[in-house]
Trainee: 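Right, I'll just put the structure down here and ask away after.
Heavy atoms only: backbone and side chains are in, while hydrogens, waters and symmetry mates are out. For this chain, numbers begin at 1 and follow the sequence in order.
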Amino acid sequence: MTVDLRDPIRLALARVVEEGRKLEGGDVASYIPELARADPDALGVAIASVRGTIHETGDSDTEFTIQSVSKPFVLALALEQAGLTEVTRHVGLEPSGEPFNAISLDEATGRPFNPMINAGAIVTSSLIDGDSAAEKFAVIRRGLEAFAGRQLDVDDAVFESELESGDRNRALAYLARSAGTLASSVDVATEAYFRQCALLVSARDIAVMAATLAAGGRNPVTGERVVSEAVARWTTAVMSSCGMYDASGAWMVRVGLPAKSGVGGGVAALLPDQFGIGTFSPPLDAQGNSARGVAMLEALSNEYGLHLLMHRGEPLSPISTLDTDRDPIVARLRGELVFSGAEEVLTRLDTLARDGVAIEMDLEGVTRLGPAARLLFRDALKEASASGHDLTVNDPDGLLDEAN
Ligand SMILES: NC(=O)CC[C@H](N)C(=O)O
């Protein structure tokens, strides 16, 4: 028999799909008439690692319209083009605690509360480069294709259906326009937004899109840098506070994965530096989130301990050996050092330094120095030399250099 060591991963997905299937209830969206045709029994999950490996099960290749799952990705494009300051002049970063289609503007500033609700997302689309709806949509489409790593088509029937039935969204755009926060005409903004919502994706696509954010803005499958690390971080932060509408707070407590849902039945979620997940199941709960998608992600997070804020236990000491027989004493450091590791090293070495012992910090076994560790070590070396203490470093890979 041939062995397949990836089986446990598929099994994990198969288990959550089974969990999802058990859940009855929820209704397929029908306020956009064309969406009512979705198959309520379709169910798929895909997970894409930050190394670009994809595991999937169920209807993970079935296409559906991306709808609001587009919002964080278009926000990322706007942030990349215009920067955080300019974007936040037009749209806020605060959870609204209101439904996705709320008539919601911050009284004081005229800005929609955040870019994950419709009012804010329409403003975000208005900020995208281009004068006409066609120009803006072309930029959006190219950007979302870069996130997904493939070409995406528009479901024209869904687009037409929303164009026809989208008066509430037009009303939101008029409100933003009257408050001075919409960056284009109402027609340009809403048409670009409706087209963006009608892009066809699969659970697999949105897993790769989320994995691109998890990988700091670089698509792990194609290798293309889509947005900067800062933009990926900002976008993920907005997803974690506002991605599930008025269920966002409870979501972060129960599931703990920054996520975004859409009325087409998709949910994209991610764990930074690890993976992106896409789920697809059209029936929606009262908040307009995919009922089975929510159940599946909650099961996955609980069973496999995936909560972003999970306590990981006491970290391994960053000092692998302390060779006190030598002069200078050699402290061999290991692994990845972030703030806490550097703090531990300096605190332990301080006791020795106070006794007047000469010390060498050996960084040979260090795989990575985070910015905090680099700064703290550089300052410690300066401090030692200013006070005439003998503290040296062996840094064969130049980890302390500015550029690394
Ligand atoms: N929550 C959603 O997915 C809403 C998107 C949809 N296009 C709308 O604006 O109503």
Trainee: What is the minimum heavy-atom distance between Ala232 and Gly216, and which atoms define it?
Mentor: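 Minimum heavy-atom separation between Ala232 and Gly216: CB-C, 3.6 Å.
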Trainee: Please determine whether side-chain contact (heavy atoms from CB on, under 4.5 Å) holds for the pair Asn394 and Glu364, giving the CA-CA distance in whole Å, both sets of side-chain angles, and the decisive distance to 0.1 Å.
Mentor: CA-CA 7 Å; Asn394 173 38; Glu364 193 167 350; 4.2 Å; yes
Trainee: If you compare all heavy atoms of Gln287 against all heavy atoms of Tyr245, which two are closest, and at what distance to 0.1 Å?
Mentor: O-CD1, 3.6 Å
Trainee: Report yes or no: does Arg374 contribute a side-chain atom to a donor-acceptor pair with the main-chain N or O of Leu399 at less than 3.5 Å?
Mentor: yes
Trainee: Would you call Arg89 and Glu86 a salt bridge, taking side-chain N to carboxylate O under 4.0 Å as the test?
Mentor: yes
Trainee: With rounding to the nearest 0.5 Å, note down the distance linking OG in Ser290 to CE in Met244.
Mentor: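 Taking OG in Ser290 and CE in Met244, the distance rounds to 8.0 Å.
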Trainee: When rounded to the nearest 0.5 angstrom, what is the spacing between CZ in Phe275 and CD1 in Ile47?
Mentor: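 Reported to 0.5 Å precision, the distance equals 5.0 Å.
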Trainee: Looking only at heavy atoms, which two atoms of Gly143 and Val226 are closest? And how far apart?
Mentor: O-CG1, 4.2 Å
Trainee: Identify the two heavy atoms, one from Gly262 and one from Leu284, that lie closest to each other, and give their separation to 0.1 Å.
Mentor: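 For Gly262 versus Leu284, the nearest heavy atoms are O-CD2, 4.1 Å.
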Trainee: Keeping the roles fixed (side chain from Asn114, backbone from Ile117), state whether a donor-acceptor pair exists under 3.5 Å.
Mentor: yes
Trainee: Between Ser240 (side chain) and Ala237 (backbone), is there a donor-acceptor pair under 3.5 Å?
Mentor: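 Yes, Ser240 side chain to Ala237 backbone: donor-acceptor pair under 3.5 Å.
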Trainee: Taking side-chain contact (heavy atoms from CB on, under 4.5 Å) as the criterion, tell me which of Asp167, Ile122, Leu182, Asn118 meets it with Thr190.
Mentor: Ile122
Trainee: Can you say whether the rings of Phe64 and Phe280 are parallel (under 30°), tilted (30 to 60°) or perpendicular (over 60°)?
Mentor: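 Parallel, since the angle between the ring planes stays under 30°.
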Trainee: Compare all side-chain heavy atoms of Met116 with those of Leu75 and state whether any distance is below 4.5 angstrom.
Mentor: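 The answer is yes, as the side chains (C-beta and beyond) meet within the 4.5 Å cut-off.
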Trainee: Does one side chain, of Ser60 or Arg204, offer a donor that lies under 3.5 Å from an acceptor on the other?
Mentor: no
Trainee: If the condition is side chain to side chain contact (heavy atoms under 4.5 Å, CB included), which residues does Thr324 pass it with, not counting sequence neighbours?
Mentor: Leu322, Ile329
Trainee: Between Val69 and Ala268, which heavy-atom pair has the shortest distance, and what is it?
Mentor: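 Result for this residue pair: CG1-CB, 3.8 Å.
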Trainee: Does Leu152 offer a backbone N or O that forms a donor-acceptor pair with the side chain of Glu145 under 3.5 Å?
Mentor: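 Between the backbone of Leu152 and the side chain of Glu145 there is a qualifying donor-acceptor contact (under 3.5 Å).
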Trainee: Keeping Asp395 on the side-chain end and Leu400 on the backbone end, is there a donor-acceptor pair under 3.5 Å?
Mentor: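 Side chain of Asp395 to backbone of Leu400, a donor-acceptor pair under 3.5 Å: yes, one is there.
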Trainee: Locate the shortest heavy-atom distance separating Lys260 from Pro72; write the atom from each residue and the value.
Mentor: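 Lys260 and Pro72 have their closest heavy atoms at CG-CD, 3.4 Å.
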Trainee: Do Trp251 and Val294 make a side-chain contact, defined as non-hydrogen atoms from C-beta onward lying under 4.5 Å apart?
Mentor: yes
Trainee: Give the C-alpha distance, both sets of side-chain angles, the deciding distance and a yes or no for side-chain contact (heavy atoms from CB on, under 4.5 Å) between Ile128 and Phe137.
Mentor: CA-CA 8 Å; Ile128 296 292; Phe137 177 65; over 6 Å; no
Trainee: Should Lys22 and Glu18 count as an ion pair when the cut-off is N to O under 4.0 Å?
Mentor: no
Trainee: Less than 4.5 Å apart, any side-chain heavy atom of Gln274 and any of Val50?
Mentor: no
Trainee: For Gly110, does its backbone N or O pair with a side-chain atom of Thr181 as donor and acceptor, under 3.5 Å?
Mentor: yes
Trainee: If you measure from CZ on Phe377 to CG on Leu363, what distance do you get to the nearest 0.5 Å?
Mentor: 6.5 Å
Trainee: Mark yes or no for whether Asn219, through its side chain, and Thr212, through its backbone, hold a donor-acceptor pair below 3.5 Å.
Mentor: no
Trainee: For the pair Arg15 and Glu19, find out whether any cationic side-chain nitrogen is under 4.0 Å from an anionic carboxylate oxygen.
Mentor: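 So Arg15 does not pair with Glu19 through a salt bridge.
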Trainee: With rounding to the nearest 0.5 Å, note down the distance linking CG in Leu163 to CG in Asn169.
Mentor: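 Those atoms lie 11.0 Å apart.
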Trainee: For Arg51, does its backbone N or O pair with a side-chain atom of Ser49 as donor and acceptor, under 3.5 Å?
Mentor: yes
Trainee: Are any side-chain N or O atoms of Thr235 and backbone N or O atoms of Val231, one a donor and one an acceptor, separated by less than 3.5 Å?
Mentor: yes
Trainee: So how far is it from Thr236 OG1 to Leu271 CG, rounded to the nearest 0.5 Å?
Mentor: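 Spacing of OG1 (Thr236) from CG (Leu271) equals 10.5 Å.
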Trainee: Can a donor-acceptor pair be found, under 3.5 Å and without considering hydrogens, that links the side chain of Glu80 to the backbone of Ser228?
Mentor: yes
Trainee: For the residue pair Leu43 and Met296, establish whether any side-chain heavy-atom pair is separated by less than 4.5 Å.
Mentor: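 In short, these two side chains touch, coming nearer than 4.5 Å.
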Trainee: Would you say that Asp205 contacts Arg150 through its side chain, given a criterion of any heavy-atom pair below 4.5 Å between the two side chains?
Mentor: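 In short, these two side chains touch, coming nearer than 4.5 Å.
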Trainee: So, do Asn101 and Tyr31 sit near enough that their side-chain heavy atoms are less than 4.5 Å apart?
Mentor: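 A side-chain contact is absent here, since even the closest heavy-atom pair is not under 4.5 Å.
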Trainee: Starting from the C-alpha separation in whole Å, work towards a yes-or-no answer on side-chain hydrogen bond (donor to acceptor under 3.5 Å, both in side chains) for Ser320 and Arg332.
Mentor: CA-CA 6 Å; Ser320 60; Arg332 283 194 194 82; over 6 Å; no
Trainee: Is the closest side-chain heavy-atom distance between Val238 and Pro115 below 4.5 Å?
Mentor: yes
Trainee: Quick one, Leu77 and Asp129 - any side-chain contact, counting heavy atoms below 4.5 Å?
Mentor: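 They are not in contact (no side-chain heavy atoms under 4.5 Å apart), so the answer is no.
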Trainee: What's the separation between atom CZ in Phe159 and atom CG in Leu199, rounded to the nearest 0.5 Å?
Mentor: 11.0 Å
